[in-house]
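Down below is the structure, laid out as structure tokens.
Throughout, protein chains are lettered first and strands after them, A, B, ... in sequence-line order, and every chain is numbered starting at 1.
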Amino acid sequence: NAGVTQTPKFRVLKTGQSMTLLCAQDMNHEYMYWYRQDPGMGLRLIHYSVGEGTTAKGEVPDGYNVSRLKKQNFLLGLESAAPSQTSVYFCASSYGWKYEQYFGPGTRLTVT
Amino acid sequence: AQTVTQSQPEMSVQEAETVTLSCTYDTSESDYYLFWYKQPPSRQMILVIRQEAYKQQNATENRFSVNFQKAAKSFSLKISDSQLGDAAMYFCAYRSPNYGGSQGNLIFGKGTKLSVKP
């Protein structure tokens, strides 16, 4: 039981490049979330999903897209990376809205 | 919109002593959930303790306990018998009970960095 895993752990991009972050969970959770964490700030919600095939915007969705084609996977895409997207990205999942969120180990992304 | 405030950017405690981390929040809702998460240098977010607003009894988990003051909108974390492994960033988080909008969205404070001195 791996819990929540994220790929990759580190990535460096040049401005304008695109990439996809993969989150996978093996707990059969319905809900999945993408957060970003910036220095001196708590985590902020980018997008979330309440089930396979659904996505919704969180607090800071601009510049990101997501997809939930399979229940166990939640992808976060950056179409044209900007330096302002340099951050640590966390994926989380939960069984339902009122249950504990389990977090992945994070991906450190640097955009130069 | 709900907000979570952690007024102590950094705290320090001597090993085996007790420390209390502060958290206040702003909400107009009567039912909600509160959490404390620990983030060690490994970056992994670990749930420490949770509190349902409708429960008057303060939650406890081994050496960790909370002081939940609903009227004052305060949710402090007490760590007893502090250990070196408790050194980490601690985040207070709020979650609305509402199904609509940001379902299950956690709203985090900015965190408190706890150092433990041997």
Side-chain angles (χ1 to χ4, degrees), chain A residues 2-6 8-11 21 23 25 27 29-51 54-61 66 68 74 87-109, chain B residues 1-10 21-25 29 31-55 59 61 75 88-113:
Chain A
V4 180
T5 58
Q6 292 182 231
K9 288 185 170 52
F10 302 93
R11 186 71 187 268
L21 304 183
C23 175
Q25 52 93 5
M27 297 175 281
H29 285 170
E30 290 293 334
Y31 286 57
M32 296 187 75
Y33 314 82
W34 275 108
Y35 293 90
R36 61 178 288 173
Q37 183 180 31
D38 300 303
M41 300 189 72
L43 280 69
R44 293 182 293 167
L45 185 67
I46 305 171
H47 286 282
Y48 65 98
S49 168
V50 300
T54 74
T55 63
K57 294 180 180 180
E59 180 185 356
V60 288
V66 289
R68 183 99 181 268
F74 195 29
S87 188
V88 179
Y89 292 85
F90 286 94
C91 176
S93 71
S94 66
Y95 182 74
W97 68 271
K98 63 176 181 178
Y99 295 94
E100 174 188 353
Q101 291 187 17
Y102 292 83
F103 284 82
T107 295
R108 181 176 294 279
L109 174 66
Chain B
Q2 295 86 4
T3 59
V4 177
T5 303
Q6 294 179 248
S7 60
Q8 306 152 315
E10 296 188 24
L21 308 183
S22 301
C23 173
T24 58
Y25 56 93
E29 296 167 329
D31 192 18
Y32 45 85
Y33 299 83
L34 296 165
F35 304 84
W36 277 99
Y37 278 88
K38 171 185 177 181
Q39 186 180 40
S42 67
R43 284 204 316 247
Q44 183 73 47
M45 293 289 286
I46 303 164
L47 179 66
V48 175
I49 200 164
R50 63 177 279 168
Q51 174 81 42
E52 289 87 352
Y54 65 86
K55 290 186 179 179
E61 286 288 340
F75 182 61
M89 283 290 290
Y90 286 82
F91 292 96
C92 178
Y94 169 99
R95 188 166 72 203
S96 168
N98 295 327
Y99 288 98
S102 310
Q103 300 184 30
N105 181 19
L106 283 171
I107 300 170
F108 287 85
K110 294 185 177 182
T112 296
K113 183 177 182 180

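- In this structure, no portion of A:S49 lies under 4.5 Å from any heavy atom of chain B.
- Within the 3.5 Å criterion, the main-chain N or O of A:S94 finds no donor-acceptor partner in the side chain of A:E30.
- Ranked by heavy-atom pairs under 4.5 Å with chain A, the first of B:R43, B:Q6, B:R50 is B:R43.
- In terms of non-hydrogen atom pairs under 4.5 Å with chain A, the most contact-rich of B:E52, B:M89, B:K113, B:M45 is B:M45.
- A:F90 touches chain B through its side chain: at least one heavy atom from C-beta onward sits under 4.5 Å away, while N, CA, C and O do not.
- Contact of A:R44 with chain B is not made at all, since no heavy-atom distance falls under 4.5 Å.
- Between A:Y33 and A:F103, the ring center distance fails the sub-6.0 Å criterion.
- Checked by atom type, the side-chain pair B:E29/B:Y94 shows a donor-acceptor distance below 3.5 Å.
- Note: A:H29 and A:Y102 have tilted aromatic rings, judged against thresholds of 30 and 60 degrees for the angle between ring planes.
- Between the side chains of A:Q101 and A:Y35, at least one donor N or O sits under 3.5 Å from an acceptor N or O.
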